[in-house]
Amino acid sequence: MAQQLRGNDLRQLGFPEGRAIGLALAQLQRKHLKKLSHTEQLTLLQNLLANPNDYLTHLDWSHTAAALLPPPSRHIALAERKPYALFGAEHIEQGAIHQMETAMKLPVTVAGALMPDAHHGYGLPIGGVLATDNAVIPYAVGVDIGCRMALSVFALPPKHLEQRVQELRKLLIDNTRFGNRDVFRHGQKLDHAVLDRAEFQEIGFLRNKLDTAATQIGSSGGGNHFVEWGVVDILDPANELGVPVGQYLGLLSHSGSRGLGASIANHYTKLAKDVCQLPTEAQHLAWLSLESEAGQEYWAAMNLAGDYASACHHQIHQRLSKALGERPLAKVENHHNFAWKERLATGQEVVVHRKGATPAGAGVLGIIPGSMTAPGFIVRGRGEATSLASASHGAGRAMSRTRAKQELGEADVRRYLQQHHIELIGGGVDEAPQAYKDIHAVMASQHDLVDVLGTFTPRIVRMEGGV
């Protein structure tokens, strides 16, 4: 074991007084770094001191490197607030509006919009859409990167649900997993090409994330994530799905990129905060330039997480379709909590962040869910420029999770579900239908943003817990 370095050793190398010395000494106590010889440790620190920018995305040294950068280059003032479009203002709490107005003051902000399901979040509000100039904001994407909806439509009538409730309930229990501990075991797993992606080896931060990703693939998260059977009602005879007007059995899932997306969001948010120090009210909106190594890394990692989330949904629907013994007539899938490179009507290329907002470009299909007791909507985007070609991603919360737990009793929630003929497996009072806004009011606030092709009405819902 190498002789332990002390603060004076780092000062002699030229480390400045302050945070960088403490961070460096703490890192050297890590097991794999303790194995380095005294000379190797000194050489490593000399290289770090001489080229801190080269270590800003290093798994071990990113925080120390950021602390070595000159403070003046990392302090950024907010600009004058730019205008933004607001849909369904009467449904949106003041906290979400305040967050959006803060985001519109960023120097990199070009345009923005707030959806009618918006509510308070970290950084950009949930339901916020933000266009920036050559910059990506990890917390404007969100923690659950690439979270999405996926719908399968089967050539079975609604009476299939009524006649086979227990059978369909068992299919959900046997073929879905929720949360961090309840995953598919050895021999139950399905393979997927996303686990072979080069990014897991090429991006240093992701090298130790592959095992977790492989363990959790095909499963769903907790919170508001679900897999449910319900009735699909196709209303538009000109729908792009090629499904005749009528009612069908449907399978709808909502989940994201699991632990992989969360770790990416947290890691690159810390990097962004180190190199882009903003006033307190805007600190969660720190960005990474897409010209920087860290920005390019985050972009690649974000896209990987989005593809991983999609793979999880594909496996959920693959398992349940096989168990049902039916092939879907049609599928619809869309995602939020993501950033896209797009062009505005002016021709300017921007990075559009949709945190809890559905892409609604002209002709783009998507699903906007309601709640357990309210229908969701199959929609076609209209490409409305003022909304940055976006729409809501659901009904949106009317109560915070904490308030829902304080005000709603479990017995009352169960009674409410029974009145609406909903079979629920798992879930908690924080996800009660009463905690959500009226989806019909939300849809009325965005009739210029999407056309409705059909609806999905839940009947058997599976969430975390309950088995």
Can you find a side-chain donor-acceptor pair between [X] and [Y] that sits under 3.5 Å?
| X | Y | answer |
| --- | --- | --- |
| His314 | Glu333 | yes |
| Thr57 | Glu297 | yes |
| Thr346 | Gln348 | no |

Go through it in stages, so that I can follow the logic: the residues are Met104 and Leu130, the test is side-chain contact (heavy atoms from CB on, under 4.5 Å), and I'd like the CA-CA distance, side-chain angles, deciding distance and then a yes or no. CA-CA 8 Å; Met104 296 308 297; Leu130 192 70; 3.7 Å; yes
Hey, what do you get for [atom1] ([X]) to [atom2] ([Y]), rounding to the nearest 0.5 Å?
| X | Y | atom1 | atom2 | answer |
| --- | --- | --- | --- | --- |
| Lys355 | Ile137 | NZ | CD1 | 10.0 Å |
| His63 | Leu23 | NE2 | CG | 8.0 Å |
| Arg397 | Asn224 | CZ | CG | 7.5 Å |
| Glu464 | Thr176 | CD | OG1 | 11.5 Å |
| His284 | Gln99 | NE2 | CD | 9.0 Å |
| Gln12 | Leu42 | CD | CG | 9.5 Å |

Would you please test Tyr268 and Leu288 for side-chain contact (heavy atoms from CB on, under 4.5 Å) and show each step? CA-CA 8 Å; Tyr268 287 96; Leu288 297 167; 4.2 Å; yes
Does a sphere of radius 6.0 Å around [atom1] in [X] hold more than 12 heavy atoms from other residues, nucleotides or ligands, not counting ones at 6.0 Å or beyond?
| X | atom1 | answer |
| --- | --- | --- |
| Lys270 | NZ | no |
| Tyr122 | OH | no |
| His98 | NE2 | no |

Aromatic ring pairing Tyr55/His58, orientation class (parallel under 30°, perpendicular over 60°, tilted between):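 Tilted.
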Please work out which of the three classes, parallel, tilted or perpendicular, describes the rings of His336 and His254, given edges at 30° and 60°. tilted
Check whether any side-chain N or O of [X] sits under 3.5 Å from a backbone N or O of [Y] as a donor-acceptor pair, and report yes or no.
| X | Y | result |
| --- | --- | --- |
| Ser310 | Gly306 | no |
| Asp438 | His440 | yes |
| Ser257 | Leu260 | no |

Residues which pass side-chain contact (heavy atoms from CB on, under 4.5 Å) with Glu349, listed by chain and number, not counting sequence neighbours: Arg343
Please determine which of Leu68, Val275, Thr64 meets the side chain to side chain contact (heavy atoms under 4.5 Å, CB included) test together with Leu56. Val275
Matching residue for Ser255 among Ser220, Ser219, Cys147, Cys312 - test: side chain to side chain contact (heavy atoms under 4.5 Å, CB included):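 Checked Ser220, Ser219, Cys147, Cys312 against Ser255; only one passes side chain to side chain contact (heavy atoms under 4.5 Å, CB included): Ser220.
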Distance-minimising heavy-atom pair for [X] and [Y]:
| X | Y | result |
| --- | --- | --- |
| Val442 | Ser392 | CG1-OG, 3.7 Å |
| His393 | Ile368 | C-CG2, 4.1 Å |
| Gly256 | His225 | N-CE1, 3.9 Å |
| Ala135 | Val351 | O-CB, 3.5 Å |
| Gly179 | Val183 | O-CG1, 4.4 Å |
| Tyr308 | Thr212 | OH-O, 4.4 Å |

Name the atoms and distances for all side-chain donor-acceptor pairs under 3.5 Å in residues 194-201, with sequence neighbours left out.
from, atom 1, to, atom 2, distance (Å)
Arg197, NE, Glu199, OE1, 3.2
Arg197, NE, Glu199, OE2, 3.4
Arg197, NH1, Asp307, OD2, 2.9
Arg197, NH2, Glu199, OE2, 3.0
Arg197, NH2, Asp307, OD2, 3.3

Side-chain touch Gln41/Leu33, heavy atoms, less than 4.5 angstrom: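 A side-chain contact under 4.5 Å is absent here.
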Are the side chains of Met115 and His91 in contact, using a 4.5 Å heavy-atom criterion?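 Not in contact.
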Ser253 and His313: side chain to side chain donor-acceptor pair (under 3.5 Å), yes or no, with the steps? CA-CA 7 Å; Ser253 55; His313 281 271; 2.7 Å; yes
The single option from Arg401, Lys405, Arg462 passing salt bridge (Lys or Arg N to Asp or Glu O under 4.0 Å) against Glu431: Arg401
For Lys437 and Asp117, run salt bridge (Lys or Arg N to Asp or Glu O under 4.0 Å): C-alpha distance rounded to whole Å, both residues' side-chain angles, the deciding distance at 0.1 Å, then the answer. CA-CA 7 Å; Lys437 298 177 184 178; Asp117 64 334; over 6 Å; no
Does this structure show an ion pair linking Lys105 with Glu80, if we count only N-O contacts that are shorter than 4.0 Å?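 Glu80 and Lys105: not salt-bridged.
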Does this structure show an ion pair linking Arg207 with Glu202, if we count only N-O contacts that are shorter than 4.0 Å?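 No salt bridge links Arg207 with Glu202.
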Check against side-chain contact (heavy atoms from CB on, under 4.5 Å), Trp61 and Gln27: CA-CA 8 Å; Trp61 297 104; Gln27 281 300 112; 3.5 Å; yes
Suppose the criterion is salt bridge (Lys or Arg N to Asp or Glu O under 4.0 Å): which pairs have a residue in residues 441-451, not counting sequence neighbours?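 Listed once each, the pairs are Arg380-Asp451, Arg382-Asp451.
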side-chain contact (heavy atoms from CB on, under 4.5 Å) between Leu44 and Leu36, worked out: CA-CA 10 Å; Leu44 173 60; Leu36 297 177; 4.2 Å; yes
Would a line drawn from the ring center of His353 to the ring center of Trp287 be shorter than 6.0 Å?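 When the ring centroids of His353 and Trp287 are compared, they turn out to be at least 6.0 Å apart.
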